[in-house]
2 protein chains.
Amino acid sequence: MTKKSLYQGHLTTIVLKLLADNDEMYGYQITRMVKELSSGEVQLTEGALYPILHKLEANGLVEVRHEKTNNRTRKYYKLTQSGHHETTHLLKEMQDFLKQMEVLISPIPKLK
Amino acid sequence: MTKKSLYQGHLTTIVLKLLADNDEMYGYQITRMVKELSSGEVQLTEGALYPILHKLEANGLVEVRHEKTNNRTRKYYKLTQSGHHETTHLLKEMQDFLKQMEVLISPIPKLK
DNA sequence: TTTTAATACCTAATTTGCTTAGGCATGATG
DNA sequence: CATCATGCCTAAGCAAATTAGGTATTAAAA
């Protein structure tokens, strides 16, 4: 059948979690780290990432600092207070989701 | 931010897993069982389910048996051989996905 | 008794979130 | 000197759900 990404709907959570752990990060760095942490399995493409970052900024969950290092512009993103709250919330939801998925795919349910 | 379903992209796998465990099921029954197994947490709505079942049938992963019980028509779905194969495959993918998600959200990654 | 809830199927417009596929610019590597 | 890595970006298209309906029968509740 189809072969789409299973990570749909979870990318924002992944990004927020990275920011929560690393204080400040820039976009390109995020894509590299996701790839590294997942041993190359998870591809957080720039086409997905940048819209996410812009949305987070628009919603006040991150703030941006511009930096210019040898003619290269970087935009560093950092969680705001509400960004931290949202991250905690999303991670909790994610944990519940993971547990539910395990329940749904592991045991053998009985017919009623 | 948004509050969408985290189960996007996993519903087909859930349906296939149920069929693998229960031999034969009909649509309405599937919605009830998902709800029950997840203690009401996962809502597999009919608007999502029926298109999935029809697609599975179109792709030859399930076969259908019509049954009429006291003026109520039920369509029983049952995995075909390739349906069983696909289920095994998707469940394996799902396991990998769950492991990856745990890696991505649990540990504290270090800056490079 | 009439309306609501449960059973049982269905479709279609819309939204969402990602993929795909580009574009621009700089600096290092082959 | 061309390609790769760094670093930002957007927009068209697609797939999978959500939302919001529809039909019909039977049982329970008001």
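- Between B/Lys55 and D/dA16 there is a side-chain N or O to OP1 or OP2 distance below 4.0 Å.
- A/Tyr7 has its OH atom 17 Å from the P atom of D/dA17, to the nearest Å.
- For A/Asn71 and C/dA25, the shortest distance from a side-chain N or O to OP1 or OP2 is not below 4.0 Å.
- Checked against salt bridge (Lys or Arg N to Asp or Glu O under 4.0 Å), A/Asp23 has the following partners two or more places apart in sequence or in another chain: A/Lys78.
- Taking atom CD of residue B/Glu67 and atom P of nucleotide C/dT7, one finds them 17 Å apart after rounding to whole Å.
- A heavy-atom distance below 4.5 Å is found between the side chains of B/Val42 and A/Leu104.
- We find that CE of B/Met25 is positioned 14 Å from P of C/dT7, with the value rounded to whole Å.
- Heavy atoms of B/Arg72 sit under 4.0 angstrom from at least one base atom.
- The side chain of B/His54 contributes an N or O atom lying less than 4.0 Å from OP1 or OP2 of C/dT11.
- An angle of 10°, rounded to 10°, separates the two end axes of the helix from C/dT1-D/dA30 to C/dG30-D/dC1, each defined over five pairs.
- Counting to the nearest Å, the P atom of D/dA16 and the CD1 atom of B/Ile52 are 9 Å from each other.
- Across the protein-nucleic acid pair, A/Lys35 atom NZ and D/dT6 atom P stand 10 Å apart, rounded to whole Å.
- Applying the ring-ring contact (aromatic ring centres under 6.0 Å, His included) test to pairs two or more places apart or on separate chains, none has a residue in residues 49-73 of chain B.
- Classified by interplanar angle (parallel below 30°, tilted 30° to 60°, perpendicular above 60°), the ring pair B/His10/A/Phe97 is tilted.
- Summarising the geometry, the separation between CD1 on B/Ile30 and P on C/dC10 is reported as 11 Å, rounded to the nearest angstrom.
- Between B/Gln29 atom CD and C/dT7 atom P the separation is 12 Å, expressed in whole Å.
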| message | Evaluate A/Val15 against A/Val62 for side-chain contact (heavy atoms from CB on, under 4.5 Å), listing each step before the verdict. | response | CA-CA 11 Å; A/Val15 169; A/Val62 296; over 6 Å; no
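- Minimum atom distance to the side chain of B/Ser5 is reached by D/dA17, of the listed D/dC9, D/dA16, D/dA17.
- Counting only heavy atoms from C-beta outward, the side chains of B/Thr87 and B/Leu61 never approach each other to under 4.5 Å.
- For the segment residues 44-51 of chain A, the set of residues with a heavy atom within less than 4.0 Å of an atom of DNA chain D comprises A/Glu46, A/Gly47, A/Tyr50, in numerical order.
- Take A/Tyr26 and apply the side-chain hydrogen bond (donor to acceptor under 3.5 Å, both in side chains) test, not counting sequence neighbours, and it matches A/Arg74.
- Residue B/Arg32 is the one, among B/Arg32 and B/Leu53, whose nearest nucleotide of DNA chain C lies closer to the 5' end (criterion: closest heavy atom).
- Applying the 4.0 Å criterion to OP1 and OP2 of D/dA16, one finds that B/His10 has every side-chain N and O outside that range.
- In this view, A/Arg65 and A/Glu24, A/Glu67 satisfy the side-chain hydrogen bond (donor to acceptor under 3.5 Å, both in side chains) rule, not counting sequence neighbours.
- With B/Leu98 as the partner, the side chain to side chain contact (heavy atoms under 4.5 Å, CB included) test is satisfied by one option alone out of B/Gln100, B/Met94, B/Met101: B/Met94.
- Contact of the A/Leu91 side chain with the A/Lys17 side chain is registered, since non-hydrogen atoms from C-beta on lie closer than 4.5 Å.
- Rounded to whole angstrom, the span from the CG atom of B/Leu11 across to the P atom of D/dA17 amounts to 4 Å.
- Across D/dC9, D/dA16, C/dC18, the shortest atom-to-atom separation from the side chain of A/Lys75 is found for D/dC9.
- At the phosphate of C/dA8, OP1 or OP2 sits under 4.0 Å from a side-chain N or O atom of B/Tyr26.
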